[in-house]
Amino acid sequence: MPGEMDKPLISRRPVDSDDNLAEVPTEALKVGILGSGDFSRSLAIRLVRSGFSVVVGSRNPKRTAKLFPSAVQVTSQAEAVSSPEVIFVAMFPEHYSSLSVFSDHMVGKILVDVSNATEQENLQHRKSNAEYLASLFPTCTVVKAFNVISAWTLQAGPRDGNRQVPICSDQLEAKRTVSELVHAMGFSPLDMGALVSAREVEAMPLYLLPGWKVPTLLALGLFVCFYVYNFVRDVLQPYVQEGKNQFYKLPVSVVNTTLPCVAYVLLSLVYLPGVLAAALQLWRGTKYRRFPDWLDHWLQCRKQIGLLSFFCAVLHVLYSFCLPLRHSHRYNLVNLAIKQVMANKSRIWMEEEVWRMELYLSLGILDLGTLSLLAVTSLPSIANSLNWREFSFVQSTLGFVALVLSTLHTLTYGWTRAFEESRYKFYLPPTFTLTLLVPCVVILARVLFLLPCFSHRLAKIRRGWEETDSIQFLLPADHALAQKTSHV
Amino acid sequence: MPGEMDKPLISRRPVDSDDNLAEVPTEALKVGILGSGDFSRSLAIRLVRSGFSVVVGSRNPKRTAKLFPSAVQVTSQAEAVSSPEVIFVAMFPEHYSSLSVFSDHMVGKILVDVSNATEQENLQHRKSNAEYLASLFPTCTVVKAFNVISAWTLQAGPRDGNRQVPICSDQLEAKRTVSELVHAMGFSPLDMGALVSAREVEAMPLYLLPGWKVPTLLALGLFVCFYVYNFVRDVLQPYVQEGKNQFYKLPVSVVNTTLPCVAYVLLSLVYLPGVLAAALQLWRGTKYRRFPDWLDHWLQCRKQIGLLSFFCAVLHVLYSFCLPLRHSHRYNLVNLAIKQVMANKSRIWMEEEVWRMELYLSLGILDLGTLSLLAVTSLPSIANSLNWREFSFVQSTLGFVALVLSTLHTLTYGWTRAFEESRYKFYLPPTFTLTLLVPCVVILARVLFLLPCFSHRLAKIRRGWEETDSIQFLLPADHALAQKTSHV
Amino acid sequence: MPGEMDKPLISRRPVDSDDNLAEVPTEALKVGILGSGDFSRSLAIRLVRSGFSVVVGSRNPKRTAKLFPSAVQVTSQAEAVSSPEVIFVAMFPEHYSSLSVFSDHMVGKILVDVSNATEQENLQHRKSNAEYLASLFPTCTVVKAFNVISAWTLQAGPRDGNRQVPICSDQLEAKRTVSELVHAMGFSPLDMGALVSAREVEAMPLYLLPGWKVPTLLALGLFVCFYVYNFVRDVLQPYVQEGKNQFYKLPVSVVNTTLPCVAYVLLSLVYLPGVLAAALQLWRGTKYRRFPDWLDHWLQCRKQIGLLSFFCAVLHVLYSFCLPLRHSHRYNLVNLAIKQVMANKSRIWMEEEVWRMELYLSLGILDLGTLSLLAVTSLPSIANSLNWREFSFVQSTLGFVALVLSTLHTLTYGWTRAFEESRYKFYLPPTFTLTLLVPCVVILARVLFLLPCFSHRLAKIRRGWEETDSIQFLLPADHALAQKTSHV
């Protein structure tokens, strides 16, 4: 039967203006749809536009017909399942069993299950909707497809990027037939294997930015820790020990000392796993052993952690620019002027303070500029236009420059404060000293790896060399272009 | 004839380096081009690169030949129309009639009209160029195609995204032949129906951001209204009633009080139509009736309105950061210090003012951060990488958070000013009170819709339920995966 | 032999879940891979997922086998080269010669060379790896392909954009076979001609943002020149002539007077080549003569120059917003207040200074807003969604508006300073007067081109008209839709 499908598929006629939905060529392949909801309607419109002849089966054809374009034949369910070879089942799974009365007419047909898991179902039932459908109709072949596509995308037509349609089925020919149908509708089929994968496919539309969960929690956790630490040092200590009320610092000032700490630590956490991976390869003397799972996940989260670091850095910049807008800033300035006048001092100027601030502001802006280049090249449309060497230059080399600039920004901000006893409030060291730990380890490690003894060995390992000499002797010609995958 | 085309199309050979444009395989399909301008040349180069054999008809072949790569055969117009089945007419429409002398050689051929409407023609002539060409050559089949593609894109090759080529013709087979040619050249054909659609297709390259027109006018209108209102309150009233010259506030200060009003009202206008649509569905008890046209258009403009709101918010932030840079700010500060000294006051501090400002600055920055996430996910390449649930989470949930943050930003900015008589200049209420109206309605409505009585009914309606009980009884199995289309 | 390939290619079965890599249909086309490194492994996985049967030849099959999925047959090199028609050579070029022992089994086969040039090789060897391979196996056909694709992309599957695979070979049929294989694996083949192009293809992955080199050097050069000039005027002159130590201005203040100069000059350099091109066309009376090479390159660099201009403008804005954060700013303010009090002045206000600053700040922000629209529409995914008219409206019209706004920003910043003798330190004119030169030329030229005498002639030329009357007479019907390519 799929053989019969080939011819009409080739002669399909894409039609994309609504005026033309009426004219259906007689030779077009007939496709059935059971169900008359939004998804069914959008599916019918897309199929007609792609040159198919569509018959919709409804329990109340008269009423339903007016919801569909005139090119779609709306009829009873019994009639809709009889003639086409491919039948879309666009109904809620709880109504699948109502179709069993037509099972005699459906022998040997291809049923396409387009349903999704709802969050509750997913946890309760262990069987996927598609497998459930297959168990109801053992004489049919069930193919899971189109569940990730929204009714809206079906109507508007696929756009670049999000056009992949995961497909799975136990029967190869049925999968191929549906694949061609997917192609004909302008989408890209993606083979997910046997019907057993349907559970995974049905869960796909429920994903909610899964790659962002751990990095976001990490950023929030860091934020809370540093905020509490800064609150104790900057607000609580002056209140307890000196009786000064500085609670007004909570919304802006404390947030603004917390954000750069989070951004800086996150940035170093982007480059730490690469350093760890290189150290592990050096120690093991081979790259052919898998990294531990936690390191693998960490390596895959680097983009998200980097973007969160950039987001925090931008917020830090915005908060900093807000500082002179505040009334508190204005009052402090005026009060300083009054104090100077009262003390009869004609001029105030502290050269060291001036230099410190000019330097760390300038470094901070250069750092932000570098980070924003990194962020821009993370956009899919730009990342795709770069070759591997360009992408790695920007992400690895520029990224390291940003880390070094951040460190210099932090050091010039800190200046000599780490060595002044008065800065250790409640015996707590200044916040910036805490944040320096991880970044400095990363920078030191990367400098170490540049030493000839390490860099040569690492380069050899990445080209496929292994420590055990016997193997090295046996496999000289086998090590392929491994340097392409190096990431540090 | 199209049957003859199939074989060569399959054996086409993409060639993309200029050095190789000379070698043309003998079996390649021959395509004719009439005209020797830029577009003709770019078309010829692209066709040769896609493996076709190209013959260009020119009135002065010798002179024209040197403008084309050597793989292109440049000959007389008479010769160019004789052998190929498909002939591109790359001439100005005013010269079409000059081709009628060759009409005997062109019987049964496919003419591809690539011309565009110029702005003037479009208004005067009521007939499209393609229909005019068809009327001149009744024995040929005219296909409209390639007019949206620029000569530059033809030469550089299609890139992802902008590769759709709308096609229309009255003859199905001719349309199919040209569709395959479009495919072979690396573009995507888009069937626009009969030749009557040519007028619409010819107007396409004249579109100038049509989706942005109404939102931009709306934003400009709001800007003018609020600017005048603020001018009257902040500049005119002090001048008229107190004799104070504050016209220096026009370029920065008044603009900066106007921009947030525009941004805030625009943001609420993004979410208002969704609320209206939900209310309409609740009231009607069904989702199967079309919304009124104005609501439909409004729903489709939401992305543009949202981006304009973001643009105004960013400008507002930039203007705010400029405030302390101004000389007027500096003078006011110094004058305040002098005044305090003269009055012999040793310290100035207003705790309430300080808190108000710290709070609304912090809320404003968080708001901007949220809005920028919304703006980034509006980029096509990022929107395409999200599934429906992720997109709706960002656009709907985060968008609502941004609206709430904007409201809090406005309320903390306003503080108690709405209740101070001195703020009612010329009896006009403070501007921020005016802007609160629409957003508060939207927020209240969305909170209302969360009440069980409304949310249950709305969820049922969105799953396909309808109020009329008889129909509900008849169609239990028919309601398809409707929740996919819910938008609020 | 390529004929034999056609059938299996059509029946290929895309499989994309790792669980299913075990099941290989018996009828799948067999492809060989020599080498067992990372690239070889990724290639094998992608081929299996695309429905091919893969045999990998290794010198130590037992040890290698566990690195590959079970669907891949890992065997000796001798066995791997015997049965498949297409053999990928995924080894380092230095080991190619070790394969010569199998040359008897490889007669007539297609060898795919996937290797890259390393930076050193590229300079030393003059022969490409693919040509070297061809010289070792004169009885085989060598095809260069897949070298631009990283092992990572092979495993993860191609994504939109970066999916082009340049191919070259001396034999058309072999090239076609590999092209179909590339298609089947989800990539787009790009014919680069004969094997002689292999050197160029092998160098591609070594490209490091070639289009950015000249614009970046230009921007850096301008920065250094203006920085030195500003240093002499703002820091050196006060030190030498007045003994004032203002070296603290180096990190922020001098950078911030330098950046806008660079941004402004770069912006004008974006529009200068268009003006020159138009002038050249007007003077020559035709558009059919090539521009000189330097002008051609310049026209192609405009996007990069524009983005660098935007980057400098953004840095300038960030530096400006930092100014009131500095201690030096704070001290200067307090000192001004003290001075006023000491001098017993009760109020300080200079209306002209206030107006000047409010105006140039407001113009600067509007300029940045316009430039950011230009930058956003340069993103590939947005540029692709615009038609030619929209793109040209934004890039040409809005760009010109940005240039005019920049000029007004500069003029209001300069105010009357160009005419004050005290501003000519060391007889050097104020920096802003130097930057005005090029932009004013561009603006004047574009205004001139709007005069009827020029605009008519230019429009005629762009439609294909030429000055020599005889030719104009001969070719009235030939000039195609040339206005599409106009760029100014």
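If you measure heavy-atom distances from B/Leu363 to chain A, you find no contacts under 4.5 Å at all. Using a 4.5 Å cut-off between heavy atoms, B/Ile338 makes no contact with chain A at all. Heavy atoms closer than 4.5 Å to chain B are found in both the backbone and the side chain of A/Leu325. Residue B/Leu368 touches chain A through its side chain alone, counting heavy-atom pairs closer than 4.5 Å. Interface residue A/Leu318: backbone and side-chain heavy atoms are both found under 4.5 Å from chain B. Neither the backbone nor the side chain of A/Tyr96 comes within contact range of chain B; no heavy atom of the residue lies under 4.5 Å from a heavy atom of that chain. Proximity to chain B is limited to the side chain of A/Asn245, based on heavy atoms less than 4.5 angstrom apart.
Note: B/Ser320 leads B/Cys168, B/Ser320, B/Pro166 in heavy-atom pairs under 4.5 Å with chain A. Of the listed residues (A/Pro324, A/Ser328, A/Ala337, A/Ser253), the one with the most heavy-atom contacts under 4.5 Å to chain B is A/Ser328. The most heavy-atom pairs under 4.5 Å with chain A, out of B/Leu359, B/Ile167, B/Leu323, B/Val376, come from B/Leu359. Options A/Val252, A/Leu208, A/Val334 differ in how many heavy-atom pairs under 4.5 Å they form with chain B, and the most are formed by A/Leu208.
For A/Phe146 and A/Phe88, the ring centers are positioned less than 6.0 Å apart. Aromatic pair B/His327/B/Tyr331: ring centres closer than 6.0 Å. Taking the six-membered ring where the residue is Trp, the centroids of B/Trp349 and A/Tyr248 are separated by under 6.0 Å.
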*Does the pair B/Gln395 and B/Arg302 meet the rule for a side chain to side chain contact (heavy atoms under 4.5 Å, CB included), with working shown?*
CA-CA 10 Å; B/Gln395 293 294 326; B/Arg302 287 180 296 177; over 6 Å; no
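Distance check: B/Ser169 OG to B/Leu195 CG gives 6.0 Å after rounding to the nearest 0.5 Å. Atom-to-atom distance recorded for B/Trp415:CH2 and B/Glu352:CD is 6.0 Å, nearest 0.5 angstrom.
Side-chain N or O atoms of A/Asn116 include one that pairs as donor or acceptor with a backbone N or O of A/Asn147 at under 3.5 Å.
Between B/Glu180 and B/Arg176 there is a salt bridge, with a side-chain nitrogen of the basic residue lying less than 4.0 Å from a carboxylate oxygen of the acidic one.
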